[in-house]
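Take a look at the structure below.
These numbers come from the heavy atoms of this one structure, side chains and all, not from hydrogens, waters or symmetry mates. Along the sequence shown, the residues carry numbers beginning at 1.
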Amino acid sequence: MPLGPGQRVLAVADDLSGAAETAAALLSRTTRTRVLLDPRTDTPAPAGTTTVFDLDSRQLSAVGAAARITAALTGLAPDTVVCKKVDSLLRGNLASEIAALAATGRGVLLAPALPAERRTVRDGVLHTDGVPLHTGDAWRAETAAPPRSVAEALRVPVALLGLQAVRGPDHHLRTALREALATGLPVVADAETDADLDATLAATLDIDPRVVLAGSAGLALALGRTLGGGPPAPLPPPGPASRPLLVVVGTAEPVAAEQVRRLVTDGAALYALDHAPSHPGPALPPLRPGITVLTPRQDGPPDPAAARSIARHLARTAAALLDTAPGPADLVLTGGETARRVLDALGVRELRPRGQVHHGAVLAETPDGRTVVTRPGSYGGPDSLRLIARALRAPAARTPTTPTPPPTPAPPAPKPRRTSQDHAKGPFMNATPAAAAGTAPTTAGNTGALPVIAVTMGDGAGIGPEVIVPALLDAGTLSRIRPVVVGDAERLRRAAELLGLADQVEIVTVEGPADAEFTPGRINVIDLGLLPADLPWGKLSAVAGDAAYQYVRVASELALSGAVQGICTAPLNKEALHAGGHLYPGHTELLAHLTGVEEVSMMLSTDTVKVIHVTTHIGLIDAVARIEPGLVERTVRRGHDALVRAGVEHPVIGVCGINPHAGENGLFGYGEEEEKIVPALEVLRADGIDARGPLPADTAFFLAGRGDYDLIVAMYHDQGHGPVKILGLEAGVNLTVGLPVIRTSVDHGTAFDIAGTGTADPGSMIEALRQAAALAPNPTG
């Protein structure tokens, strides 16, 4: 549903971390998003504004919580889209709040699934990590027993919208949803994936946009995607290390202790408070520059009855500490109750969200310029607080030291299956490289003519480290580029040991490209240090997924600042990326978001064939629906321009059809070729671009393989990927076309089945680096 210029969105949550999480989910739609801690002081929202109320009702009685819902929704404009954030574990005053929403007469859709945290709903039963809520221990800190179903949590009959309806054809979904809403009962929607939530939400808004949308942050994210808009702005840069940062940990979640331990290991000061003493207790030292952690002392199992008094005690202590700070201080607040009490103690009534450090860790600013990160207590892995601290605080300044390099024997030849002549030829055979193949590598700083390329390590549990090390020892690589890895130095050292190269490579940590030296046998690494030492090879890991995101984020920042001239990415695992809290289909979409580009294209390149995709990581039915003449035209133009930059003066481009035999003049399909592709080709040809088609895909790839076409335009993922993987997988390169920076990648996955064995072939990584060199601008030009 497109957002009209006069429409408003109102979201309500029962605690502060939930309100901030909801605001961040809706942030991509508009820059005018705010979190209000006291709805009574609200003035009418300007058109197009998203307002999120923290009702602070988690600890109220059922009657009190319902009253706050009713008051928040009183006097709304009829076209206001209303979203109620509920706890993804069905905690709080859920029954009374949903009843209050139902009493508005708008109808209620409840979709509590949160796929990013592995919380799903099947047959109306909430599951956590595949286990029904009532059989697990997710409610261990609650005084009541967990509900056996969503209906039991609501204490009223519900109309169930099952997965079969959610995943059926659109008209079946809409029919089932209309029938469910017509019952007048709350509609509980099953969902296991973000696509399930997207489908349900789109159908609901299409049927009746006045229906109240109740759900976890997963539904809020779906609402943000459905309402559309550009990506949010990048997070602000980290503040100076000298500015105090107070981290208040008010959660009894088991992972919290490890999160705190790792932050203290990094140098943070720790204040552990006794539980809400009746007297003021001993005076604490003044808040010092740097990072300080404030947390309750844990001497036994959590006491749910004491939770609110502990939160108030933490808030009083935090406010007192902030009064002693030598200057302005920022905050990290975990646990919704604790976060609210701390901000109440400071008199903060509004937050302006800027984005998320990781899923649920929302960075916001106060009207007086303080930075505040809030995060639900149950969110984040062991390195969550580390990641947040690194997003808020620049490392303390130090003079870079360069160890004396050991003797540098000739680097060993990697184990590609292709010949050196094949590598020299590369996927763009007519391309003019940025530097001649025989040029000696630059030996210091950013003073040479070769482009600096940021090499992201990808998923550390996969083969990325094992292909990076030999690729960066390759003499041809060093003759073309100055590579700097963004990743984990210790993981690269382990990969070097697996490959038998530990005594032939020096892996050196640097602050940035300006500190790097480029000599044979040396690998420069911007070490984010996010991976635990015992991370297993070949296993799905949320920690590795989050780390892979952070590597790309840092590389994008370097590229946009001009510190590097291109990015070359090792593979990441999409499931791990999602588990780490970053809901992107893959590198292509992630890089588009980080660089502020609305639309890019994926191009696969081998010696035999080059393919650009109109659509990529979406289902086949959705792909056909998304294809339209404008998208086809823009995709072809991006491919054409990339080939011209690579030295192909007049590219010949073959454009595939959608249906078998390209529709065979209407015999197959419903005229998609004539409707969606032919108009684009007419415009392109009129502009002098040699785009031919629509072609049957099987014929197009055969002709491209023998050299008739410089580029094939595939309409959807498997139409292009299948032939490429047959014709040239091991030497394939993935390019993202349309970004403001050069980006290339290997054309293979994380290969968990062989990760850690030392048998991965670095050929595709070598090609990807060569391709980055060929396309990157000269840093001195």
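Within the 4.5 Å cutoff, the side chain of Val342 has heavy atoms near those of the Leu331 side chain. Proximity of Val82 to Leu76: side-chain heavy atoms (C-beta onward) are separated by under 4.5 Å at one or more points. Put simply, the side chain of Asp383 does not reach to within 4.5 Å of the side chain of Asp546, judged on heavy atoms. Contact annotation: the side chain of Val121 approaches that of Pro112 to within less than 4.5 Å [non-hydrogen atoms, C-beta and beyond]. A 4.5 Å side-chain heavy-atom check between Val86 and Leu219 finds every atom pair outside the cut-off. Annotation: side chain of Val357 is not in contact with side chain of Leu392 (no heavy-atom distance under 4.5 Å). Residues Leu314 and Thr295 form no side-chain contact, since every pair of their non-hydrogen atoms from C-beta on lies 4.5 Å or further apart. Residues Leu294 and Leu246 meet the side-chain proximity criterion, which asks for heavy atoms closer than 4.5 Å.
Closest heavy-atom contact between Leu263 and Ala389: CD1-CB, 3.8 Å. Nearest heavy atom pair, residue Pro146 against residue Glu152, reads O-OE2, 4.3 Å. In plain terms, the two heavy atoms of Ala20 and Thr374 that are nearest each other are CB-OG1, 3.1 Å. Closest approach of Ala199 and Val166 over heavy atoms only: CB-O, 4.1 Å. Of all heavy-atom pairs between Ala214 and Val108, the closest is CB-CG1, 4.3 Å. What you find for Pro115 and Leu197 is that their closest heavy atoms are CD-CD1, 3.8 Å.
A side-chain donor-acceptor contact under 3.5 Å links Trp139 to the backbone of Leu89. Within the 3.5 Å criterion, the main-chain N or O of Glu192 finds a donor-acceptor partner in the side chain of Asp196. In this structure, the side chain of Asp323 does not engage the main chain of Ala320 through any donor-acceptor pair within 3.5 Å. In this structure a side-chain-to-backbone donor-acceptor pair under 3.5 Å is present from Glu589 to Gly586. One N or O on the side chain of Thr183 and one on the backbone of Ala180 form a donor-acceptor pair closer than 3.5 Å. Remark: the backbone N or O of Leu55 is paired with a side-chain donor or acceptor of Arg68 at under 3.5 angstrom. Put simply, the side chain of Thr338 never gets that close to the backbone of Gly335: no donor and acceptor are under 3.5 Å apart. Remark: the backbone N or O of Ser88 is not paired with any side-chain donor or acceptor of Ser216 at under 3.5 angstrom.
Between the side chains of Glu97 and Ser57, at least one donor-acceptor pair of N or O atoms lies under 3.5 Å. In this model, a donor atom of one side chain and an acceptor atom of the other lie less than 3.5 Å apart for Arg375 and Ser384. Using modelled atom types and a 3.5 Å distance limit, the side chains of His127 and Arg119 yield no donor-acceptor pair.
The number of heavy-atom neighbours closer than 6.0 Å to CZ of Arg118, taken from other residues, nucleotides and ligands shown, is 12 or below. Annotation: Arg148, atom CZ; neighbour count of heavy atoms from other residues, nucleotides and ligands within 6.0 Å does not exceed 12. Atom CG of Asp123 is surrounded by 12 or fewer heavy atoms from other residues, nucleotides or ligands within 6.0 Å.
Considering CZ of Arg341 and CD1 of Ile310, their distance stands at 14.0 Å, rounded to 0.5 Å. To the nearest 0.5 Å, atoms OG1 (Thr104) and CD1 (Ile69) are separated by 10.0 Å. With values rounded to the nearest 0.5 angstrom, Leu37 atom CG is found 5.5 Å from Leu351 atom CG. For the atom pair Leu577 CG and Leu583 CG, the distance stands at 8.0 Å (nearest 0.5 Å). Note that CZ of Arg174 and CG of Leu177 are 8.5 Å apart. Values are rounded to the nearest 0.5 Å. The CG atom of Leu270 lies 12.5 Å from the CZ atom of Arg261; values are rounded to the nearest 0.5 Å.
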Could you walk me through whether Phe53 and Val35 pass the side-chain contact (heavy atoms from CB on, under 4.5 Å) test, one step at a time? CA-CA 6 Å; Phe53 288 158; Val35 177; over 6 Å; no
Can you check salt bridge (Lys or Arg N to Asp or Glu O under 4.0 Å) on Arg58 and Glu337, steps first, answer last? CA-CA 8 Å; Arg58 177 67 69 88; Glu337 176 72 11; over 6 Å; no
Run the salt bridge (Lys or Arg N to Asp or Glu O under 4.0 Å) check on Asp54 and Arg349 step by step: do they pass? CA-CA 10 Å; Asp54 169 25; Arg349 312 312 303 153; over 6 Å; no
Determine whether Arg340 and Asp344 satisfy the following criterion, salt bridge (Lys or Arg N to Asp or Glu O under 4.0 Å), listing intermediate values before the conclusion. CA-CA 6 Å; Arg340 177 60 190 246; Asp344 282 348; 3.0 Å; yes
Any chance you could lay out the side-chain contact (heavy atoms from CB on, under 4.5 Å) test for Thr200 and Leu161, step after step, and finish with the verdict? CA-CA 9 Å; Thr200 300; Leu161 188 68; 4.0 Å; yes
Evaluate Val187 against Leu110 for side-chain contact (heavy atoms from CB on, under 4.5 Å), listing each step before the verdict. CA-CA 6 Å; Val187 178; Leu110 176 58; over 6 Å; no
When you look at Asp208 and Thr204, which way does the side-chain contact (heavy atoms from CB on, under 4.5 Å) test go after all the steps? CA-CA 6 Å; Asp208 185 357; Thr204 304; over 6 Å; no
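At a threshold of 4.0 Å, the pair Lys85-Asp14 does not count as salt-bridged, since none of the basic side-chain nitrogens sits closer than that to a carboxylate oxygen. One finds no salt bridge joining Glu365 and Arg370 here, because no Lys/Arg side-chain nitrogen approaches an Asp/Glu carboxylate oxygen to under 4.0 Å.
Checked options His582, His578, His593; the residue passing with Tyr549 is His582 (criterion: ring pair (Phe, Tyr, Trp, His ring centres under 6.0 Å)).
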